[in-house]
Amino acid sequence: MDHAWASLLANGRVIETPFEQLRFNTLTEGGVEMTALFFVARDRTKMAVLLELKNVHGTAPWRLGETRLTSDASPFTPKPFALRMDRPEIDPRASGNLAVVVDRREFTTEKGLVDLTLAIAQKEGPLQMMILLDWRLLEEKKR
């Protein structure tokens with residue numbers, strides 16, 4: 001089901017998901033302008049991040065490469081997540097969306113909840129961006 005939620009988020013159909021938006025951040029890195037919208041399921045069992053990407057690179061399309069989700073508690077052990085994009089690549093000066101959905105149990109350790117890091121690389125390049133998934137969002141209420 002997580003892949004279905006990710007697909008709906010990536011295609012702008014947030015209202016059809018169980019998620020509510022709590023926060024957002026913006027940044028520019030490596031020829032990509034990005035807005036990260038953070039969502040939590042109303043029942044607090046899942047977190048999602050929607051990345052609105054704009055390829056400001058002049059000549060090359062942006063293609064998704066390796067994507068990993070890890071925690072500081074186990075940085076070499078990738079965690080499962082659902083990922084969907086609304087298009088296979090983002091042409092120069094065009095925009096696209098990438099959505100990730102993570103189950104609450106991936107934040108859980110024997111010591112309690114921990115932050116996760118989503119690392120995203122461009123297919124033909126180095127690590128593009130790292131997004132912190134703050135476990136406290138799972139406890140936060142919409143303002």
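Bear in mind the structure is a predicted one, so any value in this text is a computation, not a measurement.
- Across every non-hydrogen atom of Phe81 and Val102, the tightest pair is CB-CG2, 4.0 Å.
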- prompt: Going through the checks in order, is the side-chain contact (heavy atoms from CB on, under 4.5 Å) test met by Leu37 and Glu52?
  reply: CA-CA 8 Å; Leu37 305 163; Glu52 297 174 342; 3.3 Å; yes
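- Put simply, CH2 on Trp135 and CE on Met47 are 10.0 Å apart, with the number rounded to the nearest 0.5 Å.
- Side-chain contact between Phe19 and Val40: absent, with no pair of heavy atoms (C-beta onward) separated by less than 4.5 Å.
- Heavy-atom minimum distance, Arg42 versus Thr17: NH1-O, 3.4 Å.
- Between Trp62 and Leu64 there is a side-chain heavy-atom pair separated by less than 4.5 Å.
- The hydrophobic clustering, which links ILVMFWY residues whose side-chain heavy atoms are closer than 4.5 Å, places Leu8 and Ile15 apart.
- Across every non-hydrogen atom of Leu132 and Phe38, the tightest pair is O-CE2, 3.7 Å.
- Using modelled atom types, no side-chain atom of Asn11 and backbone atom of Arg13 make a donor-acceptor pair closer than 3.5 Å.
- Side-chain contact check for Leu50 versus Phe39: some heavy-atom pair is nearer than 4.5 Å.
- Note: Ser7 OG to Glu16 CD = 10.0 Å, rounded to the nearest 0.5 Å.
- Among all heavy-atom pairs drawn from Arg68 and Pro78, the shortest one is NH1-CG, 3.6 Å.
- In plain terms, the two heavy atoms of Leu138 and Arg44 that are nearest each other are O-CD, 2.9 Å.
- Between Thr70 and Leu116 there is no side-chain heavy-atom pair separated by less than 4.5 Å.
- Leu98 and Val56 fall into different hydrophobic clusters, where Ile, Leu, Val, Met, Phe, Trp and Tyr side chains are chained together by heavy-atom contacts under 4.5 Å.
- For the salt bridge (Lys or Arg N to Asp or Glu O under 4.0 Å) condition, the pairs that include at least one residue of residues 89-107, sequence neighbours left out, are Lys46-Asp103, Arg63-Glu89, Asp103-Arg105, Arg104-Glu139.
- The line from CZ of Arg23 to CG of Asp134 is 6.0 Å long, rounded to the nearest 0.5 Å.
- Atom CG of Leu83 and atom CG of Leu118 lie 7.5 Å apart (nearest 0.5 Å).
- At a threshold of 4.5 Å between non-hydrogen side-chain atoms, the residues Thr117 and Leu69 do not count as touching.
- Put simply, Val32 and Val49 are part of the same group of oily side chains (I, L, V, M, F, W, Y) that touch within less than 4.5 Å, one to the next.
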field: Derivation and outcome, side-chain contact (heavy atoms from CB on, under 4.5 Å), residues Asp115 and Phe107
entry: CA-CA 6 Å; Asp115 294 337; Phe107 291 85; over 6 Å; no
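- The two residues Leu9 and Ala48 come nearest to each other via the heavy atoms CD1-CB, 3.5 Å.
- Although no hydrogens or angles enter the test, the distance criterion places no donor-acceptor pair under 3.5 Å between the side chain of Asn25 and the main chain of Ala36.
- Note that the CE atom of Met129 and the CG atom of Leu27 stand 7.0 Å from one another [nearest 0.5 Å].
- Residues Val14 and Leu53 do not share a hydrophobic cluster, defined by chaining ILVMFWY side chains whose heavy atoms lie under 4.5 Å apart.
- Between Asn97 and Leu51 the shortest side-chain heavy-atom distance does not fall below 4.5 Å.
- The distance from the CE atom of Met34 to the OG atom of Ser95 is 13.0 Å, given to the nearest 0.5 Å.
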